[in-house]
Each structure stands twice: as structure tokens, then as C-alpha cells.
2 protein chains.
Amino acid sequence: MNLDKFDLAILKVLQENARASLNDIGTAVGLSSTPCWNRIKRMEAAGVIRGYTVDIDPASLGFMDTVIVHVTLESHSEETLYEFGRALAAIPEVLEAFLVSGDYDYYIRIAVRDTRDYERLLREQLYRIPGIRHSKSCFVLRRLKETMLPLTGPVG
Amino acid sequence: MNLDKFDLAILKVLQENARASLNDIGTAVGLSSTPCWNRIKRMEAAGVIRGYTVDIDPASLGFMDTVIVHVTLESHSEETLYEFGRALAAIPEVLEAFLVSGDYDYYIRIAVRDTRDYERLLREQLYRIPGIRHSKSCFVLRRLKETMLPLTGPVG
DNA sequence: AGTGAAAAGGCTTTAAC
DNA sequence: GTTAAAGCCTTTTCACT
């Protein structure tokens, strides 16, 4: 799908506030509300916009720490990789899971209550998944940037 | 701030669709729209809800690959760490940046157009930041889980 | 605390340019 | 592909439980 500068501008507004009204979006991008609405519906239908979500403060939910875990598996068969991914997806504390190239097989980011909760999670959840060989963790000391796609560049 | 099961249920609905109407939210959680509205405003004011954002398909924007980069710095002084973080935050392709404990100093996730774009980004952007010593990259082969906070557990 | 109704405002559609 | 206007649905307020 071809996105012009108005589409990108609309996405940028929605990225900052997904509940912005069509009037506000229109004012921000220099259009009236109707074309904005049409463009949004078009992007939703085309799968450019996958959905709208809320940004929740992890600490408010009791998750005081973020841990990044690197995992290697016993086998690299498609079945093992798939099964491991499915098991990870079922753990709510697992925020992100990526199958990666290189020294490790999976990169995972988890939200934990505290260090004891981290230890429990590793022992009772992660190491109970069949196929896991080894893991290596690092605690996040500071978060510097939120996850937002760049809306300038390749298609801008 | 104390969150009860209704608050968590509301967050869950918003996490799946941040543009859900108050009526739909109310129906889903078993309340009328007014208390839902009050609870949402309260959570916004308390910083539990940090904002609402849109989930955009990276491929639609021309970003076909995701790369995870681990970085070590020359110095671990507060100034170097801070300056590096500031420079990272200014690169739109950098989706996430975490200051971490362990073997590496920064963990970064970047969106790239293709392998050439990755090479360009590394050379022209990342390695031009003062203080960088070494980096190690791995390409994401498959993304298994989206970033969503678990809404059961510690406070549920 | 929650409910339900009423007012104010925004969303969605139709039609015209 | 854009603007303007009409009807409808949602948000927001208020009175009551």
C-alpha cells in the first residue's frame, strides 16, 4: 500500500494519541475530518494499522523491574522452535519474544515484580519449558526510548 | 495507586482496543459507562495510563527487518551513558533502548529497510555516536509476542 | 461507591464541488 | 480527492440510589 505524507502525518498523530478526535487529527495534518477518516479506514483495512492500544505504566501494576533474557535451545528443529515460542507466548510476564540469528535462539523481555519474582519466573516457568538449554539474563537499569516506529525515512 | 479487578478489566479491554467506546467497555467489564469513565480518568491522572497509541505494521512503512544490537561503551561514567542514550533517542529507527547490567551496556532494537539499510545505519548513525566501543547484532527471524503488560498476577 | 437519563460534542455518512 | 452539512452515536455531566 502506498502511503503519502498525509497518511504518515495521521499515523504520527495517532501514535502520540490514539484517541485523538478526527477534528484534532485534521487540524494537525492540514485536512478536514472526512479525508482523515477515509485514510484511517483505508489503512485499517490494508493492515497498516493493526490496532490501537494503551500504554500502561509497568510500576503501577507492580512490575518494578524489566529483565532481558537470552535463551539457547537443545535443538534447532522447526518443531522445537515453534513449541518454545508457543510456551513463551502463554506466559503473561513475557512482554516480547524474538527468534533471532546468532549466538542465541530467543531474545525475551520480561516484566518482574522484584528479583525474587524473577528467580521464581525463571525456575517455575522458563526452565519448565521443554527444549531449553541455557539462558543468560540482564536487568534493565534504565529505559531510554519507547517503542514507536519511525514515521520519517524509507517511505517519507 | 490501588487497582481493583474492574480497573484491570478496563485496562485489558483498552489494551486490545484503545478506541473501544465506554458502552462497550462497560458491557465487557460489567459496569455502566459512567464508572468506567471515572476509573479511566482516575488512572490517567495517576499515571497508570500513560497514553494511547497505534500499532502499525512495520513492513507497511518499508521496514522489513528488525535488528537487535548490543553495545559496549568506552566509559561507564554517568555522562557517557547519558549522552549515548540521548543520541540513540534521536535516531528514529531506534525503537527501543535499554541501559542494562551485565556484559553489555545498551540493548537496542532497530527497524531497518533491508540489510544494506542496516549497514548504513550502523556506519552512519550508531558508530558516529562518541563513546561507542563495540557492538554486536542479531537479526530477528520471527516475532512471537507483542509488547503487552500482563494484567493478571501481582495486582490481580 | 454505581445507575440512568439528558446535554454537549464528535463520529460517520451523504451529497455537492 | 476535497469540503460542508445532517443524523447518529459517544462522551460527559448531573441528579438520584
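Note on naming: letters A, B, ... go to the chains in the order of the sequence lines (proteins, then strands), and numbering restarts at 1 for each one.
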Rounded to whole angstroms, how far apart are CD1 on A:Ile25 and P on C:dG9?
19 Å
More than 12 heavy atoms from other groups under 6.0 Å of CE on A:Met64
no
Does D:dT12 have its OP1 or OP2 closer than 4.0 Å to a side-chain nitrogen or oxygen of B:Trp37?
yes
Indicate the atoms forming the closest heavy-atom contact of B:Val112 with B:Tyr118, along with that distance.
CG1-CA, 3.8 Å
Between P on C:dT13 and CG on A:Leu22, what's the gap in Å once rounded to a whole number?
11 Å
Can you see which heavy atom on A:Asp7 is nearest to which on A:Asp4, and at what distance?
N-OD1, 2.9 Å
What is the distance, to the nearest angstrom, from the CG atom on A:Asp24 to the P atom on D:dT11?
15 Å
Please determine if B:Arg143 forms a cation-pi arrangement with A:Phe98, meaning its NZ or CZ atom is less than 6.0 Å from the six-membered ring centre and no more than 45° off the ring axis.
no
Tell me whether the side-chain N/O atoms of A:Ser32 come closer than 4.0 Å to OP1 or OP2 in D:dT3.
yes
From CZ of A:Arg42 across to C1' of D:dG1 the rounded distance in Å is 10 Å
Please check this pair: side chain of A:Lys145 against backbone of B:Ala89, looking for a donor-acceptor N/O pair closer than 3.5 Å.
yes
Measure from CG on A:Asn17 to C1' on C:dG10 and round the result to the nearest Å.
14 Å
Just how far, in rounded Å, is P of D:dC9 from CG of A:Asn23?
19 Å
Among D:dT2, C:dC11, D:dT10, which nucleotide sits nearest the side chain of A:Pro35?
D:dT2
Whole angstrom value for the distance that separates C1' of C:dT3 from CG of B:Leu31:
10 Å
Quick note, B:Ser33 side chain, CB onward, closest among D:dT12, C:dG2, C:dG4 is D:dT12
Name the residue closer to the 5' end of DNA chain D, choosing between A:Thr34 and B:Asn38 according to the nucleotide with the nearest heavy atom.
A:Thr34
Could you state the CZ-P distance from B:Arg19 to D:dC9, rounded to the nearest angstrom?
18 Å
Side-chain N or O of B:Arg39 versus OP1/OP2 of C:dG2: is the shortest distance under 4.0 Å?
yes
